Amino acid sequence: MEILLAIVVGCLVATGLYMMMRRSMLKLAIGLSLLSHGANLLIFTAGGLTRGQPPLIPQGETLPPAPYADPLPQALILTAIVISFGLLAFTIALIYRACHVTGTDDLDQLTTTET
Amino acid sequence: MDLLVAVLAPLAVAPLMPLVRRFAGRHVGDVAAAIPLAIAVYFARYVGTLGDGQSVAFRRAWVPEIGLSLSLRLDGLSLLFVLLISGIGALVCVYAGGYLAGNRRLGSFFGSLLAFMTAMLGIVLAENLLTLYVFWEFTTLTSFLLISFEHERQAARAAAMQALLTTAAGGLCLLAGVILLGLIGGSFEITELIERGDAVRAHRLYPAAVILILLGAFTKSAQFPFHYWLPNAMAAPTPVSAYLHSATMVKAGVYLLARLSPLLGGTDLWTVTVTGVGAVTMVVGTVLAFTSYDMKGILAYLTINVLGTLTMLIGLGTELAAEAAMIYLLAHALYKGALFLVTGAVDHAAHSRDLRELSGLRHRMPLTALIAALAALSMAGVVPFFGFLAKESYLHAVVEAPRMWPLLTFAAVVASVLVVAGAGLVAVAPFFGTLSEKADRAHEAGFRLWFVPALLAVAGLAAGLLPQTLAAPLVEPAVAAIVGEPVPLELKLWHGVTLPLVLSVIALAAGVALYVSHERVRSVFDGTRVLGGWGPAAWYDKGVTLLDVVAHWQTGFLQSGFLRTYVTVILAMTAGLAGLMITHFGLTFVERETIGVRWHEGIAAGLIVAAAFVAVRSTSRMRAVVALTIVGFGVSWIFVLFGGPDLAMTQIVVETLTTLLFVFAFYRLPKFSILSDRATRFRDAVLASSVGIVMTLLILLATGVDQYEPTSEYYVRSSVTEAHGRNIVNVILVDFRALDTLGEITVLSAAAVGVFVMVRLVAPKGGRS
Amino acid sequence: MKSLILQTAARYLLPLLALYSVLLFLQGHHDPGGGFVGGLIAAASLMLCALAYGVPVARDVLPIQPRNLIGIGLLSAAAAGSVGTLQGKPFLTSAWVKLQLPGFGELELGTPLLFDAGVFLAVLGVTVSILMTLAEEEEEE
Amino acid sequence: MPLILPILIPFLTAALALLGWRSLRLQRWLGVVGAFALLAAGIGLLISVQNEGIRTAQIGNWPAPYGITLVADHFAALLVLLVGIVGSAIAVYSLADIDEPQQSFAYYPLLHVLLMGVTAAFLAGDIFNLYVWFEVLLIASFVLLALGGERPQIEGAIKYVTLNLISSFLFLTAVGILYGAVGTLNMADVARKLQTLDNPDIVTTLAVMFLVAFGIKAAIFPLYFWLPASYHTPPAAVSAVFAALLTKVGIYSLIRMFTLVFDHAEAPPTFPLILVLAGLTMLTGVLGAIVQDDFRRVLSFNAICGVGYMMLGLGMHTPLALTGSIFYMTHSAVVTAVLFLIAGNAHLVRGTFRLDRLGGLAREAPWLAVAFAIAGLSLAGIPPLSGFVAKLILVRAGLEAGEHLAVAIAIAAGLLTLYSIARVWDAAFWKEPPAHEVPIERIGGEHEPGPLLPREKFLLGAPVATLVVLVVIIGLAAGPIFSLADAAANELMNPAGYIEAVLGGAS
């Protein structure tokens, strides 16, 4: 399963980056989204997979029933998910604004300030 | 401490000069002159006390750990230069007050001039090589300001830039050389280094240090082939030319060579290079003088000649040569200063410096003509002027040179002939002959404009008549400082009939003859423009142009403005470096027990991949977004399967909201279209895949390591007992690692503000609101 | 957009979702849930309301400006952290009190809960602010 | 003094200012007072580090390596102080520079979120925590960059956002892999565990990942594209704070990671690699600078060149070289900020940043000319200003280490920097302004050129004057700052001290 998920991560990263190299701003945003899925899944997989028990401790116990999933990668991913949601929201607003100002979705048109 | 005060005094006063101008009005130059005059008087009391190699020192740590300290030392050599700088400085201030009278930037002019004076004093008093460099660069900058004083003129700005780049490049070479020297010798203090001279000269890096230091000295002193900037620097106001480009700054290189010759001199490398470059410069300077019709230009070339001569003498390294160098230095300062200032007076009066437009000026400016004649006689080396003594002593040194003497003597005589003729060009040609149109309108310039050159010219005569009284006390300690031991000096005009005297007389006669026929031989000299016009000067221009072209090309190439190029380069760098590391170090996958794949897990994984590819391939925006949502749900399914209910929940909600965002954006944005060609898409796909593969490999590597207990075990153990919570993930978020969460909600808040700003803030069109 | 079905559904779902979000937040320390999910779901319920009745109505449902919600959220999180600092311990050191509630049993209250509440408010404020901003823009055009 | 203060102060400032959204007056007051409070905290922190050595704080009172650790050694404390200095100057400058509509759109809260992210990144002792702070400063910088929403800004922002998000992605994945491999996030703990790792292959590749991720933030060759694409687009105050601080975070992280974490016997050949990249960064940066015709783009490319110098010290990896890097960071933060502020002043006077349309500023704004001369010469490494000492240390370190080529490049880059500065001087200050009417370029958030009120003159001039004085002081009183940088470099070269301070004797 680790190998399978590692490949899935590779695919998500590859497709995300490919989308970011396109000229459409919208594809850029989609690429970003794919990329963050890839990163989340990467942390999840690299942190060690455990099938089954979530890291919850039953009432009255002090330890969760084994085997339990490593809680730390989950916390990291939760943070990462929320952060990337914020960044994505801003990016989309930025793209919205960019289309408004420049009248195009083509990134290659955005070179006026560098020439 | 006194030394430091003396060095910094001009700089300290410099910022006040605009204010002084407001109050002193026409006398601003005279007020400014008070400072160098005070310095000259202060240092004059050391005359006669430093003959035996004594010195006065001051030292203050700056960054001692890297050898940077502000240390100054006054010895005979320094003293000679200090008196030149301050003495001529005072005169130039007075002169400039008259020359530039009425100029509205006179205040800042004197500010720059005084700042320059500090820089020069610093160079010649520096004991620490890094301190010397500090002041060295400061002369470069202040001279930049002074050359481009008339900065409305493009030519002045270009000349200033040329001088800046050339001398700053040399300065940086000097810095590198100096640091090397310091590292070799274990100190940056000149006296300490001289004590360790043998070890320094034997060091492996000695040649590198010498070459770098020489580059610095040669550029500053306008030695061939770096001489091109000096004539162009004549764009400066004439007092500046007289001061910087004749009497002081260009001599800084000569000073440095003299100062370091006990340390670096004596080796073949040093002697051959310094003597050779000096000799070539000596000849080139005089030859080029005849390609110019501008009086200032001619003087500039003749100054190059003198700088070459001085360099050559120092390179020789004999006691005689050191003597000659110091005598010549003094003589030159007096007569060349006077001639420059005379030129300024002519320019001021006749509004021209062009020999083709000027003749017969003596009818309108008799006084000036007399002064010019006095100075020129000294320059030509006529008895009883001080210049005669100088010429004789340097011919003497050359004749007695330990090696190459025939060659050097020949060069020296040729140069002398040309100098004599050159003296005629600037002192005879404009003043004699029939009155030209421009000259006719001229009149004697104001008091300051003739009085100051007159002082210098008369001083040249006086020093020649009474050399032992007036010149020896200055020259003797300086020579002692170069040679390293007291040298008794006997200066007199008549040594009997010696070879140098014969050569001197021959040079004089030939020079007069050449001057008489100079109109006819000019065409011969014009052929030598190669050396001045499109020779090394053109290298500079070509160099700058080439630099611009290269810079334009590389910047346009790298910073193309296309985002996807940037992304491509970054990914290529990532994949390339990672690939390099992987191929270089290999990969070791540790066999570890892995979890098998159940069928529904396989489906989840397949779904994610399939949906991701649909999102890429889709030509419909809506389909792409739906596919993206499916990827998100697929990922949360994986989270559920492997024990992450919190994750899954959050992921699903976020995914839903994200979809909403996308849908919103899609209402406004244009449809997808394929904008790139097939080859680009292929290249991008390869690049993206290789980064993907790197990620896959990294995960497999990481999961193979099972060496340490993860820190999360602590969280599991303490979650209930210490943190009072049973949902460990949540406890981590709000307690164990709450600081992360604090940062995270900050990100979210800023993002919310950002969205609001992007959508709402409409910049007011024109006009301040 | 304003369909009757949606409005009816929203009328019932809104309080339910709001309640659920609070529940998620409260149980978060012990069971799946927490400030994040709670805040997100609360925001989602408001969005549902906005979809059904329009943004102005949804704005009225929330008695407070989303921006202020964000500020309050951030400040409560910081306040929760500062309790420790004021006691001379490092920032974010937790402090707990046990309350005996008659008929309810023992209730543990600690600064992490206050912190989580801050997260809840901030996430709610942020999400509502983002979505409302975009949705209002939608309506204006 | 609690270590959290330099983080908490800007956080509270931002939160309160956000609550005071409706009152511009309140926001402005908070913005300025908060910045000066941060400055005070920075001073306090540096003093306490000087007295007590490396300071740590276990956030939440959870023991290291389990809880998040904040660490302040000399390096971090010095940089935090710089944030305070630059932040205060910018906060004051912004009062007059940023247009009121922009100010009311949460300019000050965002500025403080940015400052918070930067200081926290310097203090973070936990690698994931560092990631979070990166995101904090990133999102704030995104919004500040785009604040105003004009076309050049949007164009710059899109490139900036995209490339920085790629950097964040690489950083995040590297953290994930790191945790997967060694099971810890505490940097000191990671360092310790990597030394005993059985499978060192992963370290080399991870090092490369961090190099690229931080390299993008630090703007090293060939990863710096986002910087010249965007730094010339926002209001001058924003470019100034970006240029002064943001790349420093990347450089800081590179130095921290490569001296602490990736610094063991089997270290991958990353130091030579960094050296090569540093050389190329200096060269390409400065070559870019000499062909630009926009005041701020000249400065942007020079900022890249400066990054090269700072990387040079890391690449040579000797105590003196690192001292040079740290000294250079100190110098660069101040001088870069003030140069951008000067460019902003020039824009306010003449309504353009374009060199061919500028001119005559030496006459019209003589004090600005003096300020530019001092700051520009310092940038070019002319003695006795701050840049000279910084470059001198690096050159000496390079010659001691026998890296002659690198030294040659550093010196050549110094000359070209001087050339680029002289070009600006020539075009903006000395040349006569073009005769025809210059079209006014509005940059988001900046007001029209024209006569300034005395109050505005003060608010715009005082920060410039203060920073210029600092440039001179850093040069003239280089001794004490050298000692600080030296102490910092020694701590970096002996990571055992850092690890000991964080983890104690525990194994």
Side-chain angles (χ1 to χ4, degrees), chain A residues 2 6 9 12-13 16-17 20-21 25 28-29 31-49 70 72-73 75-77 79-80 82-84 86-105 107 109-115, chain D residues 66 126-129 131-132 134-136 138-140 142-143 145-146 148-166 168-185 202 225 228-233 292-294 296-297 300 443-444:
Chain A
E2 282 91 344
V9 170
L12 284 174
V13 170
L17 290 176
M20 292 181 77
M21 283 187 275
M25 283 195 257
L28 185 76
L32 272 179
S33 193
L34 285 171
L35 214 54
S36 63
H37 285 315
N40 294 339
L41 211 50
L42 178 140
I43 301 174
F44 198 65
T45 316
L49 290 178
D70 188 341
L72 184 54
L76 303 187
I77 295 169
T79 308
V82 178
I83 286 179
S84 53
L87 293 175
L88 190 68
F90 175 75
T91 311
I92 287 177
L94 178 65
I95 289 174
Y96 165 78
R97 180 67 179 215
C99 284
H100 217 70
V101 174
T102 63
T104 174
D105 163 62
L107 286 166
Q109 306 291 316
L110 304 187
T111 56
T112 55
T113 182
E114 284 204 72
T115 42
Chain D
Y66 310 111
D126 181 288
I127 189 84
F128 187 79
N129 195 234
Y131 165 77
V132 172
F134 262 80
E135 299 299 298
V136 168
L138 211 53
I139 182 73
F142 289 171
V143 188
L145 186 62
E150 316 237 343
R151 176 161 185 158
Q153 284 187 286
I154 296 293
E155 287 189 8
I158 290 217
K159 293 168 191 169
Y160 178 90
V161 166
T162 309
L163 299 179
N164 275 290
L165 287 181
I166 291 180
S168 295
F169 160 75
L170 290 174
F171 186 7
L172 182 60
T173 50
V175 170
I177 304 280
L178 196 61
Y179 178 77
V182 294
T184 183
L185 295 167
I202 197 168
F225 308 113
S230 59
Y231 272 18
H232 61 293
T233 60
Q292 299 305 321
D293 44 17
D294 179 299
R296 285 193 294 176
R297 271 173 73 94
S300 296
I443 294 291

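Throughout, a chain's letter reflects where its sequence line sits, starting with A, and its residues are numbered from 1. All figures in this text were calculated on a predicted structure; none of them were measured in a lab. Computed from heavy atoms alone, side chains included, the values below leave out hydrogens, waters and symmetry copies.
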Chemist: Identify which part of Ala157(D) has an atom lying under 4.5 Å from any heavy atom of chain A, answering side chain, backbone, both or neither.
Modeler: both

Chemist: Below 4.5 Å from any heavy atom of chain D, which atoms of Thr79(A) appear? Answer side chain, backbone, both or neither.
Modeler: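 Contact with chain D is through the side chain of Thr79(A) alone.
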
Chemist: If I measure from the heavy atoms of chain D, does Leu32(A) come under 4.5 Å with its side chain, its backbone, both, or neither?
Modeler: side chain

Chemist: May I ask you to decide if Leu145(D)'s main-chain N or O and Gln153(D)'s side chain share a donor-acceptor pair within less than 3.5 Å?
Modeler: yes

Chemist: Let's test your reading of the structure: which of Val13(A), Ile43(A), Leu76(A), Asp70(A) forms the most heavy-atom pairs below 4.5 Å with chain D?
Modeler: Leu76(A)

Chemist: Give the minimum heavy-atom separation between Ala29(A) and Leu88(A), together with the two atoms involved.
Modeler: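 Between these two residues, the closest heavy atoms are O-CD1, 3.8 Å.
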
Chemist: Mind checking whether Tyr231(D) and Tyr160(D) have parallel, tilted or perpendicular rings, split at 30° and 60°?
Modeler: tilted

Chemist: Quick one: what part of Leu28(A) sits under 4.5 Å from any heavy atom of chain D, side chain, backbone, both or neither?
Modeler: side chain

Chemist: Excluding sequence neighbours, so at least two apart, what forms salt bridge (Lys or Arg N to Asp or Glu O under 4.0 Å) with Glu155(D)?
Modeler: Arg151(D)

Chemist: Among all residues two or more places apart in sequence or in another chain, which pass the side chain to side chain donor-acceptor pair (under 3.5 Å) test with Tyr131(D)?
Modeler: none

Chemist: Need one label for Val143(D): side chain, backbone, both or neither, based on atoms under 4.5 Å from any heavy atom in chain A.
Modeler: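 Both backbone and side chain.
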
Chemist: Can you tell me which portion of Leu185(D) sits under 4.5 Å from chain A's heavy atoms? Options are side chain, backbone, both or neither.
Modeler: side chain

Chemist: Tell me, for Phe169(D) versus chain A, whether the close heavy atoms (under 4.5 Å) come from the side chain, the backbone, both or neither.
Modeler: side chain

Chemist: With chain D as the partner, which of Ala46(A), Ala98(A), Gly16(A) has the greatest number of non-hydrogen pairs under 4.5 Å?
Modeler: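 With the most close heavy-atom pairs to chain D, the winner is Ala46(A).
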
Chemist: Can you measure from CG (Leu165(D)) to CG (Leu35(A)) and round to the nearest 0.5 angstrom?
Modeler: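 Interatomic distance, Leu165(D) CG to Leu35(A) CG, rounded to 0.5 Å: 9.0 Å.
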
Chemist: Name the option with the most non-hydrogen atom pairs under 4.5 Å to chain A; the candidates are Val132(D), Ile177(D), Val175(D).
Modeler: Ile177(D)

Chemist: So Phe44(A) and Val9(A), do their side chains get closer than 4.5 Å, heavy atoms only?
Modeler: no

